[in-house]
Amino acid sequence: MRALAVAVFVSLALAAGAAGADVRVKDVARVYGVRDNGLVGYGLVVGLNGTGDRATASPFTPQAIASMLQRLGIAVPVERLDGKNVAAVMVTAKLPPFIKAGAVLDVTVSSLGDASTLQGGTLLMTPLQGPDGRVYALAQGPVSVGGISASGASGESVQKNHPTVGRVPAGATVEREVPMALDPTTVTLTLQQPDVTTAVRLAAAINGAGVGDVARPHDPSTVLVAVPSAFQPRLMEFIARIESVTVAVDMPARVVINERTGTIIMGSQLRISTVAIAHANLTIHVREDKQVSQPQPFAPQGSQTVTVPKSDVTVKEEKSQLIIVPEGVSIGDVVQALNALGVTPRDLISILQAIRRAGALHAELEIM
């Protein structure tokens, strides 16, 4: 019942949030064009205690080592390299907007070969490229791994968390800035979750913030804001003023179901029509035993004692209770009615799907 309790808590929290204070514009929208940029690079982690890539399983690792040594003036044949203390990795990072050269970034290091762990390793200098192929940052430093992996000579092993992915805090230095310029006459806001009602409310909230009638909704995800001439030389001040405005966010009713974990999230706007629900649990228990069959007295010569399987199958169906959920009830009433049936999270998933198929669930049903 833990996942059902989570569904109840989240649902009631969403309902309380819908009736509470509004949210800031900066929490639901962003200025168009102001976004992070992904960086990626191929590098080597050295200093591992025999937990690196094997040359037979990861042939690209010796090739990368040979190329690195050749750039340093050392010529070593690739076939002579079997560095178990080295692992090939992919290095990723996010380049924030308006960041300047010399700033530092956190990077994520992920094993590319068959290394068992990156614990204790150091990332060598790795160029990080953008989608345009240009280098924007250089990453280097000791790798911090939140997991551990160990194995014995007999083949037994133990692992905690994920030891083949690590982080290098402040491990990348920005070398190139991303050119970015804002239009001083118009600010375009894009909603993170497009919605017509929210876009109209956002424009009305900005117009009521004392800057004049400057905002208008363009589509469900875009609001155009004309910058007054007095604020054009102080564009950052104007954007900061807009971002501090609060707006009431409206979203369609939605039920999100994760069948792999049994998690159910129901929004505060969920409503259902009058429906009768009856649910019974069907339990099938299969028990396998082995019995010994011995030859009878005076059995023919050659008869042997054998072991034969015996299967015992029991089917049990629990009595169900029929309840009626009235139309227009709140999310709390829906969950309380389903709890009265004593259903598990897995049962609740089936019930919600059946209610949707019956046309009584007025919400989007999203299955992850």
Side-chain angles (χ1 to χ4, degrees), residues 36-96 99-131 133-176 260-261:
D36 294 341
N37 291 276
L39 302 178
V40 65
Y42 174 85
L44 294 173
V45 172
V46 299
L48 303 177
N49 188 18
T51 59
D53 297 337
R54 294 174 299 171
T56 55
S58 305
F60 45 83
T61 302
Q63 296 176 7
I65 297 174
S67 299
M68 177 194 66
L69 294 177
Q70 188 174 7
R71 289 195 299 269
L72 297 176
I74 304 173
V76 180
V78 177
E79 57 273 7
R80 297 289 300 274
L81 295 174
D82 188 14
K84 296 182 180 180
N85 296 343
V86 183
V89 295
M90 296 302 297
V91 184
T92 57
K94 289 290 186 180
L95 188 66
I99 195 167
K100 302 302 180 181
V104 294
L105 307 172
D106 294 344
V107 299
T108 301
V109 180
S110 306
S111 175
L112 190 62
D114 63 332
S116 59
T117 178
L118 300 179
Q119 185 179 7
T122 300
L123 175 68
L124 297 183
M125 184 174 292
T126 303
L128 300 181
Q129 300 178 345
R134 305 177 70 179
V135 176
Y136 286 89
L138 296 176
Q140 180 173 278
V143 181
S144 174
V145 179
I148 187 173
S149 176
S151 60
S154 61
E156 296 184 358
S157 61
V158 62
Q159 177 177 320
K160 182 180 180 181
N161 295 336
H162 206 69
T164 54
V165 177
R167 299 271 294 178
V168 183
T173 303
V174 177
E175 301 293 339
R176 187 192 306 271
R260 294 186 298 273
T261 61

*asked:* Taking the side chain as everything from C-beta on, heavy atoms only, tell me whether Val89 gets closer than 4.5 Å to Leu112.
replied: no
*Side-chain heavy atoms of Lys100 within contact of Val174, under 4.5 Å*: no
*Applying side chain to side chain contact (heavy atoms under 4.5 Å, CB included) between Thr108 and each of Val168, Thr92, Val143, report the one that passes.*
Thr92
If you compare all heavy atoms of [X] against all heavy atoms of [Y], which two are closest, and at what distance to 0.1 Å?
X      : Y      : answer
Ala64  : Tyr42  : CB-OH, 3.5 Å
Phe60  : Ala88  : CE1-CB, 3.7 Å
Gly41  : Thr126 : C-CG2, 4.0 Å
Val40  : Met90  : CG2-CE, 3.7 Å
Val107 : Ala172 : CG1-CB, 3.4 Å
Gln119 : Leu48  : O-CD2, 3.7 Å

[X] side, atom [atom1]; [Y] side, atom [atom2] - distance, nearest 0.5 Å:
X     : Y      : atom1 : atom2 : value
Leu39 : Leu105 : CG    : CG    : 7.0 Å
Asp53 : Ser116 : CG    : OG    : 9.5 Å
Thr61 : Leu81  : OG1   : CG    : 10.5 Å

Distance-only, no hydrogens or angles: does the [X] side chain make a donor-acceptor pair with backbone N or O of [Y] under 3.5 Å?
X     : Y      : answer
Asn85 : Val46  : no
Thr51 : Thr117 : yes
Ser58 : Asp114 : yes

*Where do Leu123 and Gln140 land on the side-chain contact (heavy atoms from CB on, under 4.5 Å) test, with the steps shown first?*
CA-CA 5 Å; Leu123 175 68; Gln140 180 173 278; 5.6 Å; no
_Neighbour count >12 (heavy atoms, 6.0 Å) for atom CD, Glu175_ =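 Counting other residues, nucleotides and ligands, CD of Glu175 exceeds 12 neighbours.
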*Flag yes if more than 12 heavy atoms outside Asn49 fall under 6.0 Å of its CG atom; otherwise flag no.*
no
